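Structure first, commentary second.
Lettering follows sequence order; numbering is per chain, from 1. None of the values given here were measured: they were computed from a predicted structure.
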Protein chains: 2
Amino acid sequence: MSPVGNPMSLMMQEILEQPEVLRRTFRAECEHAREFQAFARKQNFRLVVLVARGTSDNAARFGRYLLELTTGIPVSMSAPSIHTLYHARLDLRQALVIGISQSGEGTDINLVLKAARRQGAYTIGITNEARSTMAKLVDDAFLVRAGRQRSVAATKTYTGQLLLFYLLACGLGSHITLEGVSELPDRVKQTVKLVPEIGKLVERYRYMRACVVVARGINYANAFELALKLMETCYVVAERFSAADFLHGPIALIERGFPVLILMPPGKVFRELQHLTERLRRLRAETLIFSSANAHLPAATRIIRVPGDIPEIYTPIPYIVPGQIFSALLAEVKGLDPDKPRELHIVTRTV
Amino acid sequence: MSPVGNPMSLMMQEILEQPEVLRRTFRAECEHAREFQAFARKQNFRLVVLVARGTSDNAARFGRYLLELTTGIPVSMSAPSIHTLYHARLDLRQALVIGISQSGEGTDINLVLKAARRQGAYTIGITNEARSTMAKLVDDAFLVRAGRQRSVAATKTYTGQLLLFYLLACGLGSHITLEGVSELPDRVKQTVKLVPEIGKLVERYRYMRACVVVARGINYANAFELALKLMETCYVVAERFSAADFLHGPIALIERGFPVLILMPPGKVFRELQHLTERLRRLRAETLIFSSANAHLPAATRIIRVPGDIPEIYTPIPYIVPGQIFSALLAEVKGLDPDKPRELHIVTRTV
């Protein structure tokens, strides 16, 4: 049973599988990461291009920050239409092009990977399906070991994709260590313990129709992913911004009681998010902070304490988990079935 | 007077200045574009990186499509925090880094440009202020000739920035011609004639609190820009998606009567947007199409006909103008002053 009294949704089941999925994925792909490191040193990649849709595109957004921060190689997020609709030819020599797709059957993503190979790139696929079209067409496939995804809203495959980006970052630079990555499954095991607490909290948001999710830096992608979960499963019109972009216009939206969810890890972005929260308080917005920081947190309407003492660079996987739980349980409190989002299926085919 | 009966806002005045601003900018920078072409041929740029915030970031999003489509050089949108907060060192040899800022005083943008120069990049600034910090620090500055921006919501500087991206595309590739660009001021002159028609139309949206803006390909950036205008001046919670990303999750938001604004130029993206509109109609969503296509348009709740027979690649400047007019007039109909958005100022300083 879920804490709000319903039989447990597939979405919640898959959220709870994550410590095991991450452990399995790490073990299975760890040696592969070491081999890739030896290979990458010889290749001298000058550019990384990431291509994905939906939740996988949010994983790409994370990969973009992680890889630039830890490897010094510029990273671009591909606009698939440039290849699939306009058929542009890009110069991709010395480029590493990484496709991300849970099913490995995203038509547009696979078209971009094929075009990229023709244009001189080395291609990698990150997918949950070893026998997929993507896994067969790329030069090298890194596999999420999530088991079959049965929930329409992706959770365990998203964190699995993030974990594989850490392994690729090990291969392409020296900042991320296998030891640091190996601790992630246990960190998530701590985080899923928040289920009962979040089960009580979601009642408050029963009538929330719109909100803004704010994060910055290495957790920016999580703002997009949490907003996407809220849109898909709770039909909340959820905006998502970096704290800086938010101040360049959208803050005008904020009126008394408008809900703003803030991912506030310790580290480089903490102070700025602290100031933003204080400003939102003066505007009488409703604020919900997700934080593991030991530092003094600003006064917020509600706080979800993420357990553990987590270095900033390793926060993204543990920080999305309470957001996943929040979305799954809020859907139920709203009388919706998180496993049956309107108009959605697990595989979406677009060109 | 504006068509809704108020004295004309600064925002509307600046919208109407655009044909002249574009003509002035084209004339003043045309020769500069030719010189840049000669220079760029010798440089052999391998990568373009764009860095901006707010409306200028939407201009960058346009530049990203235009430059990849017409020059074959991969383009990346920079995440400023990677430089300003985390101080990563990127390998930017043979990279062209372009900063975009109306005022030329965006602290973070200028920090990224400085870091990029140290890391081996050639830097260009696109700004409206010839004496700004940005104009002084870059290797080469392309100037929008918009006159002073007095409206908080940027309009004429956005289309001016887009025009300069066309001139840069002339320099870096062979698809865009000076002749094609020279026609843009007149195209906008046709578009501003829509003011009275849009003045009648906006009444319908008086109580709109949330909406989705959809576009794709070369107009993708305009979806972001129109949504930003709606957030800043009308406080509408305005989501924005490519048609493909929309189908990968957010379409779940759509219920009977939910408003979706669709930018539907003729060309490569038309058919897909046509299908999307038909699907939205089956969901009983409210649709508002912006289109200049001669082709049969799908049944929509309302249509704004963009005048002229415009080749797809040149649609973005004429296509944002009705959106700007819509936002300025809707603000008035909602009883808001588009020149006084809550919490905003013309120059926003973030790091």
Side-chain angles (χ1 to χ4, degrees), chain A residues 46-47 49 53-55 57 64-65 68-70 72-77 79-82 85-86 88-92 94-95 108 209-210 216-218 220 228 231-233 235-237 239 242-245 247-255 268-269 272 283 341-344 348 350-351, chain B residues 46-47 49 53-55 57 64-65 68-70 72-77 79-82 85-86 88-92 94-95 108 209-210 216-218 220 228 231-233 235-237 239 242-245 247-255 268-269 272 283 341-344 348 350-351:
Chain A
R46 293 288 302 273
L47 171 67
V49 179
R53 287 277 179 215
T55 290
D57 198 37
R64 175 246 196 295
Y65 274 81
E68 278 204 346
L69 279 179
T70 63
I73 307 170
V75 181
S76 162
M77 307 258 302
S81 69
I82 284 175
L85 297 180
Y86 297 102
R89 270 196 67 81
L90 296 190
D91 177 359
L92 293 175
Q94 281 185 279
D108 42 4
R209 298 295 306 266
R216 204 170 173 198
I218 193 76
Y220 180 56
L228 181 59
M231 288 190 269
E232 287 177 327
T233 62
Y235 312 146
V236 172
V237 183
E239 296 280 357
S242 90
D245 288 325
L247 296 176
H248 279 264
I251 194 170
L253 290 178
I254 300 306
E255 56 195 12
K268 301 279 188 195
V269 301
E272 183 185 342
L283 296 172
R342 292 188 291 231
E343 291 290 307
L344 293 183
T348 305
T350 50
V351 181
Chain B
R46 294 288 303 274
L47 171 68
V49 178
R53 288 275 179 217
T55 289
D57 199 38
R64 175 245 196 296
Y65 275 81
E68 277 204 348
L69 280 177
T70 62
I73 308 171
V75 181
S76 163
M77 308 257 302
S81 68
I82 284 174
L85 296 181
Y86 297 104
R89 270 196 70 83
L90 296 190
D91 178 358
L92 293 175
Q94 280 185 279
D108 41 4
R209 298 296 306 267
R216 206 174 170 195
I218 192 76
Y220 179 56
L228 182 58
M231 289 190 269
E232 287 177 328
T233 62
Y235 312 147
V236 171
V237 183
E239 296 280 357
S242 91
D245 288 325
L247 297 175
H248 278 265
I251 195 171
L253 290 178
I254 302 304
E255 55 195 12
K268 301 281 188 193
V269 300
E272 183 185 341
L283 296 172
R342 289 187 295 230
E343 292 290 308
L344 292 185
T348 306
T350 51
V351 182

Counting N and O atoms only, with roles assigned by atom type, does the side chain of A:E68 sit under 3.5 Å from a partner on the main chain of A:V75, one being a donor and the other an acceptor?
yes
Heavy-atom pairs under 4.5 Å with chain A are the metric here; pick the option from B:A88, B:S81, B:S242, B:P341 that has the most.
B:S81
Best-contacting candidate, A:L85, A:L47, A:V269, against chain B by heavy atom pairs under 4.5 angstrom
A:L85
So, the part of B:L283 with a heavy atom under 4.5 Å from chain A: the answer is side chain
Option that, when pairs with chain A are counted at under 4.5 Å, heavy atom only, ranks first among B:E272, B:R64, B:E232, B:Q94:
B:R64
Shorter than 4.5 Å, heavy atoms on both sides: which option in B:T350, B:L90, B:T55 has the most such pairs with chain A?
B:L90
Option in B:V49, B:I218, B:D108, B:T70 with maximal non-hydrogen atom pairs under 4.5 Å from chain A
B:I218
A:L228 versus chain B, heavy atoms under 4.5 Å apart: side chain, backbone, both or neither?
side chain
Tell me every residue that passes side chain to side chain contact (heavy atoms under 4.5 Å, CB included) with B:R342, counting only those two or more places apart in sequence or in another chain.
A:E255, B:Y235
Side chains of A:M77 and A:D57: closer than 4.5 Å at any heavy-atom pair?
yes
Could you look at B:R53 and say if it's the side chain, the backbone, both or neither that has a heavy atom under 4.5 Å from chain A?
both
Among all residues two or more places apart in sequence or in another chain, which pass the side-chain hydrogen bond (donor to acceptor under 3.5 Å, both in side chains) test with A:Y86?
B:E312
Turns out that what part of A:L344 lies under 4.5 Å from chain B's heavy atoms comes down to side chain
Non-hydrogen atoms of chain B under 4.5 Å away: do they reach the side chain of A:A210, the backbone, both or neither?
side chain
What option among B:I251, B:I82, B:I254 has the most heavy-atom pairs under 4.5 Å with chain A?
B:I82
When heavy-atom pairs shorter than 4.5 Å are enumerated against chain B, which of A:P80, A:A79, A:A243 gives the highest number?
A:A79
Among B:I73, B:V236, B:D245, which residue forms the greatest number of heavy-atom pairs with chain A at distances under 4.5 Å?
B:D245
With a 4.5 Å cut-off on heavy-atom pairs, point out which of A:R46, A:K268, A:R209, A:E239 contacts chain B the most.
A:E239
Below 4.5 Å from any heavy atom of chain B, which atoms of A:T233 appear? Answer side chain, backbone, both or neither.
neither
